[in-house]
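This report refers to the structure that appears directly beneath it.
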Amino acid sequence: MTELKKKTPAPAAAGSDGSGPEPLLKVDGLVKHFPITKGILKRKVGAVQAVDGLTFDVRPGETLGVVGESGCGKSTMGRLVTRLLEPTGGKVEFQGRDITHMSAGKLRPMRRDIQMIFQDPYGSLNPRHTVGGIVGTPFRLQGVKPQDGVKAEVQRLLELVGLNPEHYNRYPHEFSGGQRQRIGIARALALKPKLVVADEPVSALDVSIQAQVVNLLDDLQDELGLTYMIIAHDLSVIRHVSDRIAVMYLGKIVELADRKSLYEAPMHPYTKALMSAVPVPDPRRRGAKSDRILLKGDVPSPISPPTGCRFHTRCWKATKICGTTEPPLLQLKTGHQVACHHPENGEDLAPGDAPLVADVITVKSTAATAPAAEADEAGTVAEEATEPEASAEAAAPEASEGPATPEESAEAAPDGDGDGESGGKASAATPSEASEDSPKE
Amino acid sequence: MSGATKKDSQAADAVPAPRSGDDHAFLSVRNLSVHFDTDDGLVKSVDGVSFDLEAGQTLGIVGESGSGKSVTSLGIMGLHTSERARIGGEIWLDGEELIGSGPERVRKLRGQKMAMIFQDPLSALHPYYSIGAQIVEAHRVHNKVDKKTARKRAIEMLDRVGIPEPHRRYEDYPHQFSGGMRQRAMIAMALVNNPQLLIADEPTTALDVTVQAQILDLIRDLQKEFGSAVVMITHDLGVVAEIADSLLVMYAGRCIERGTAEKVFYEPQHPYTWGLLGSMPRIDREQTERLIPVKGSPPSLINVPSGCAFHPRCPYADVPPDNITRTERPELQQVSDGHYSACHMSREQRERIWTEEIAPKL
Amino acid sequence: MTRPPARRRTAVAAYIIRRVFAAVLLLLVVSAVTFAIFFLVPRLGGQTLDSMAAQYVGKSPDPDVIAAVKKNLGLDQPLYLQYWHFIKGIVVGAEYQFGPDPVTCNAPCFGYSFKTHTEIWPQLVDRIPVTLSLAVGAAVIWVISGVAIGVVSALKRGSFFDRISMGVALAGVSLPMFFTGLVVLALFGNGEYVPFTDDPVAWASSLVLPWCTLALLYSALYARLTRAGMLETMGEDYIRTARAKGLKERKVVVKHGLRSALTPLVTIFGMDFALLLGGAVITERVFSFQGLGAFAIQGVTTADLPKVMGVTLVAAFFIVICNLLVDLVYAAIDPRVRLS
């Protein structure tokens with residue numbers, strides 16, 4: 001966000017070592033598993049490990065961006081911290097109070113302070129209620145009586161989000177997508193919340209409208225001193241709005257860092273690949289295709305995520321330890337936490353470990369699967385893993401994901417600036433062997 | 001019909017064409033209009049769009065929802081089957097005019113000479129037929145081959161688009177594929193007959209960014225290999241910057257700017273293009289300024305604003321004299337070689353605003 | 001290369017076995033519930049064992065006879081034992097000590113009417129073909145005509161044909177069976193049911209009128225459903241894809257459109273057909289056919305519980321079987337059902 005924000009007491013500057021002001025929201029080891037049941041008896045056959053051990057803080061006044069691909073658990077996380085879902089494990093503290101398993105009745109007063117904005121400006125507004133009714137609902141639900149009456153307050157809110165207060169009696173269908181999202185924002189702001197969790201607030205909107213809403217969120221934060229947690233898949237939007245950013249992959253936070261640090265020198269290979277995949281609106285950079293790290297295949301299934309580091313099946317830097325030991329989220333630089341054994345732009349935490357790739361190549365040659373084996377299989381196979389005959393097969397494609405490494409990644413420089421020295425070279429040795437397996441010559 | 005090529009190109013010259021020669025480009029769209037009769041009135045989804053595209057080149061059509069970009073592409077494919085659709089203008093594909101040539105002729109070209117891939121591969125593939133069967137069907141419509149040969153071809157295509165174990169996946173149904181794999185299968189289906197024109201309508205919008213990168217890479221590689229012309233329809237300026245040689249920006253059913261990607265990105269001439277560029281958060285730089293959104297919302301296509309359709313949202317609507325932006329519709333005018341823009345402001349005014357006011361803030 | 005189809009076949013086989021097993025289970029549950037209703041509910045309604053036993057005796061309220069009936073029928077036994085005897089009777093038959101001579105009820109024994117002194121099962125067997133003939137013939141007519149009209153209406157939406165056929169369909173849905181039936185009777189007169197095995201031609205001609213009467217109602221309904229399903233399907237993305245491939249419009253409609261549009265109809269058809277098999281009560285009544293529906297009415301009006309119970313069980317059986325068939329047909333149509 002902008003200069004304006006930097007004038008407000010920027011908590012991000014305090015660093016992420018926990019020495020800053022008391023966090024508004026404190027999340028510790030948050031877990032959510034959705035059980036998968038089968039048959040009439042609802043026997044539990046597995047669980048979707050949507051969120052699997054998240055630990056982070058949200059500090060007052062900041063914007064925490066949460067970014068990741070579909071299925072990484074970011075939306076589930078948003079619903080957990082707003083307690084629309086009850087966590088399976090871990091702890092959520094809001095202003096020092098444990099709300100992890102708080103009952104609906106006790107949560108009610110808390111709901112004033114934590115509000116949510118949803119992605120779909122069409123689906124989240126009741127078409128049979130007027131805008132005035134929708135924005136005024138929180139007052140009724142919470143039994144709050146604004147000083148000048150609900151109507152005056154609602155009109156003030158409508159004006160605040162850039163809508164005409166005279167449209168108080170109109171229905172949602174009379175508004176465009178961007179205006180509806182403004183209505184959703186007005187409703188979220190009605191009770192002067194402290195924390196606003198926005199789940200993909202602009203991704204359903206057209207580009208020009210998206211910018212209006214981003215600016216609006218920005219202005220409201222300055223005006224009302226809000227704290228945001230913004231969940232989005234768009235790394236450009238996240239870069240623009242966030243002070244700190246958490247990158248999620250398969251239910252875990254793989255990297256949590258200040259914006260500048262994250263975008264200028266990402267340390268987790270996944271973050272790096274993610275950033276390099278975003279198309280840059282700059283035709284002259286098109287030739288620089290070598291910047292791009294093309295991850296092979298898809299994200300594995302959260303029903304049976306890979307052991308160790310969850311990214312190791314698609315990571316070009318993976319070594320043996322990555323398949324066995326889960327890397328903890330460690331602070332490797334000021335304001336920069338990473339969960340990786342071999343971070344980019346930093347010191348290798350497990351130097352000299354045997355690369356996983358060599359191992360994988362042997363497996364491949366014996367398994368003799370199709371030459372262009374890709375990680376895609378993991379998803380399908382994982383679902384069938386309950387059947388005994390499929391389990392043998394599960395090993396092969398999973399292992400063969402290892403060489404899913406583009407040759408380009410060897411000289412890949414981090415996006416945005418040129419100091420890709422250490423990390424880039426470390427990965428240079430292994431992929432050349434593997435690249436012959438890549439579908440593209 | 002194709003005998004009339006030369007005569008008809010005379011008419012085409014009335015609209016500014018980036019080509020000066022007598023004959024048409026590989027794909028040449030002239031004054032295309034697609035209007036729909038609805039109970040609320042005539043919806044002018046596309047209202048006079050022209051462009052040329054050579055084989056081996058990629059044209060990006062950019063615009064927001066309702067700008068008419070998808071309607072244009074469906075128009076080229078002859079896929080507006082509704083009786084309420086009124087289609088006008090000319091579409092020349094490899095020297096053959098399509099709008100006047102009758103639905104049966106266009107059907108024969110569809111899937112053969114021109115093919116299309118769609119935004120959401122899950123809904124665009126039939127849930128009841130296996131991936132292989134759907135590709136085989138696409139092949140056998142236009143080729144008299146037996147099932148075995150078609151099957152071989154389908155597996156070859158699946159392999160070519162990077163689907164692992166194509167023999168096995170051939171039997172699978174769309175719901176057993178992941179999003180990225182489905183789009184690959186869709187591309188395999190579109191390319192099974194080596195079409196010379198590929199239209200991709202938001203092919204990566206429903207996909208994750210890492211998968212999007214794979215798919216764009218694939219399209220680019222295949223284009224290089226087959227030398228086909230590609231029309232890439234998207235709302236994402238990043239995607240077109242990646243892949244397009246030339247660009248067409250649409251607003252309210254009309255083309256408001258057209259030119260090479262370089263020109264449109266670095267010397268944009270239309271305030272709406274400025275708006276799009278200013279609205280976009282950038283991943284590649286630390287932004288200190290606020291975004292510069294376009295105010296207001298896109299217009300209704302039934303009551304398109306008078307004059308320049310963009311004038312109610314344009315910050316410079318009062319720059320040109322005599323209220324002309326509200327009374328007269330600006331036509332596309334050549335700015336430089338191959339670069340056209342439909343704006344009433346003078347070129348000097350636009351260049352001054354761009355270099356002094358807009359560019360520094362991006 | 002050979003493994004995947006095998007794995008798929010296993011999955012399909014497992015699916016079928018699961019559904020059949022579930023169907024058998026469901027039948028047992030249904031029979032138990034039916035049994036409980038007929039034997040337990042009257043007691044809850046204040047009847048004594050004696051008064052219940054009296055129902056089986058007819059018009060001779062001799063206390064000794066009543067006591068004998070009570071004992072022989074096992075009314076004094078706990079319910080689960082009674083149910084067990086009932087099920088056993090279906091499998092191996094039963095014997096009732098009634099009056100001077102023992103009465104045998106051969107397997108499958110679906111009960112014995114003490115009022116008419118007849119076994120239920122042979123009567124059901126006599127009547128099932130009547131109802132089956134009625135239902136099958138009508139179903140063929142209404143499916144063919146309904147789907148055909150629906151498809152043409154959908155493809156020519158807003159046309160003259162569409163408006164007329166949908167208007168007629170609305171009327172067809174609105175007209176009650178007993179009205180159309182009586183009109184048809186008045187116009188064409190009545191015919192006697194002739195068994196198929198006797199003379200197929202006479203069988204068909206005797207059934208044409210009831211078939212058409214019954215089919216009118218349903219084909220109107222099916223035409224509307226088909227039209228709606230077809231309109232929805234033809235707007236799907238995959239239809240656009242089929243056209244983009246260059247398929248001929250007829251192939252687009254039949255291969256890609258119709259198959260999806262008709263899928264939801266399978267469920268509805270299964271239910272409608274099963275209900276008809278349980279007794280097309282009004283149609284049978286109007287055309288004086290001795291089918292299951294007429295039998296049930298007879299049982300109800302004479303308070304002959306075993307008859308009602310017999311028809312109920314047969315009807316439930318048909319519904320469960322049709323449901324099973326619907327599930328299997330669904331799996332055959334939609335790979336998402338059989339492969340997930």
Side-chain angles (χ1 to χ4, degrees), chain A residues 2-4 69-71 176-179 206-215 218 233-241 259-260 263-264 273-286 289 292 294-299 369-370 372-374 376-377 379-380 397 415-416 439-440, chain B residues 64-65 159-168 172 176-181 208-214 216-218 221 235-244 260-262 265-266 272 275-295 297-298 313:
Chain A
T2 66
E3 289 166 331
L4 277 171
E69 295 182 278
S70 50
S176 67
Q179 288 172 320
D206 268 324
V207 192
S208 68
I209 310 297
Q210 185 174 316
Q212 296 172 0
V213 174
V214 165
N215 281 351
D218 205 352
H233 69 277
D234 186 329
L235 285 113
S236 315
V237 169
I238 285 290
R239 177 170 199 172
H240 188 79
V241 300
R259 173 193 45 203
K260 203 166 160 43
Y263 279 84
E264 286 177 2
L274 200 57
M275 284 181 186
S276 79
V278 178
V280 177
D282 191 345
R284 279 179 198 151
R285 295 184 44 165
R286 192 188 314 169
K289 196 181 152 188
R292 177 150 297 164
L294 270 187
L295 286 181
K296 295 297 167 197
D298 299 312
V299 183
T369 45
E374 282 190 44
D376 178 50
E377 290 310 292
T380 350
D415 215 74
K440 283 179 302 322
Chain B
E64 298 182 273
S65 44
D159 191 33
R160 179 60 198 89
V161 297
I163 288 177
E165 298 185 71
H167 287 276
R168 194 167 78 81
D172 279 348
Q176 294 168 305
F177 273 53
S178 70
M181 286 296 144
D208 273 323
V209 58
T210 55
V211 182
Q212 164 171 292
Q214 296 168 357
L216 290 181
D217 204 52
L218 177 67
D221 279 0
H235 68 280
D236 187 334
L237 287 168
V239 169
V240 285
E242 278 299 307
I243 207 164
T260 61
E262 286 258 327
F265 271 98
Y266 302 120
Y272 178 63
L276 285 180
L277 290 167
S279 296
M280 212 176 25
R282 299 283 295 246
I283 184 145
D284 54 336
R285 52 184 83 147
E286 188 77 9
Q287 227 152 355
T288 47
E289 294 286 336
R290 285 162 59 84
L291 297 174
I292 319 161
V294 186
K295 68 182 180 188
S297 321
R313 304 177 73 190

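Chain letters run A, B, ... following the sequence lines, proteins first and then strands; every chain starts at 1. Worth knowing before you read on, the calculation uses all heavy atoms, side chains too, and leaves out hydrogens, waters and symmetry mates.
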Q) Based on non-hydrogen pairs under 4.5 Å, which of A:Asn215, A:Asp234, A:Ile209 is most in contact with chain B? A) A:Asn215

Q) Heavy-atom distance under 4.5 Å to chain A: side chain of B:Ile243, backbone, both or neither? A) backbone

Q | chain B contact via A:Ser176 - side chain, backbone, both or neither, heavy atoms under 4.5 Å | A | side chain

Q | A:Asp206 (side chain) donor-acceptor with B:Glu64 (main chain) under 3.5 angstrom | A | no

**Q.** side-chain contact (heavy atoms from CB on, under 4.5 Å) partner of B:Ile283, the single match among A:Ser276, A:Pro281, A:Pro279, A:Ser236
**A.** A:Ser236

Q) With a 4.5 angstrom heavy-atom cut-off, which part of B:Gln212 approaches chain A: side chain, backbone, both or neither? A) side chain

(Q) Report which part of B:Tyr266 has an atom under 4.5 Å of a heavy atom belonging to chain A: side chain, backbone, both, or neither. (A) side chain

Q: Can you see which heavy atom on A:Leu235 is nearest to which on A:Tyr263, and at what distance?
A: O-OH, 2.6 Å

Q.
Could you go through A:Asp282 and A:Arg284, starting from their C-alpha distance and side-chain angles, then the distance that decides it, and tell me whether this counts as salt bridge (Lys or Arg N to Asp or Glu O under 4.0 Å)?
A. CA-CA 5 Å; A:Asp282 191 345; A:Arg284 279 179 198 151; 5.8 Å; no

Q.
Between B:Ser297 and B:Arg313, is there a side-chain donor-acceptor contact under 3.5 Å, judged purely by atom types and distance?
A. no

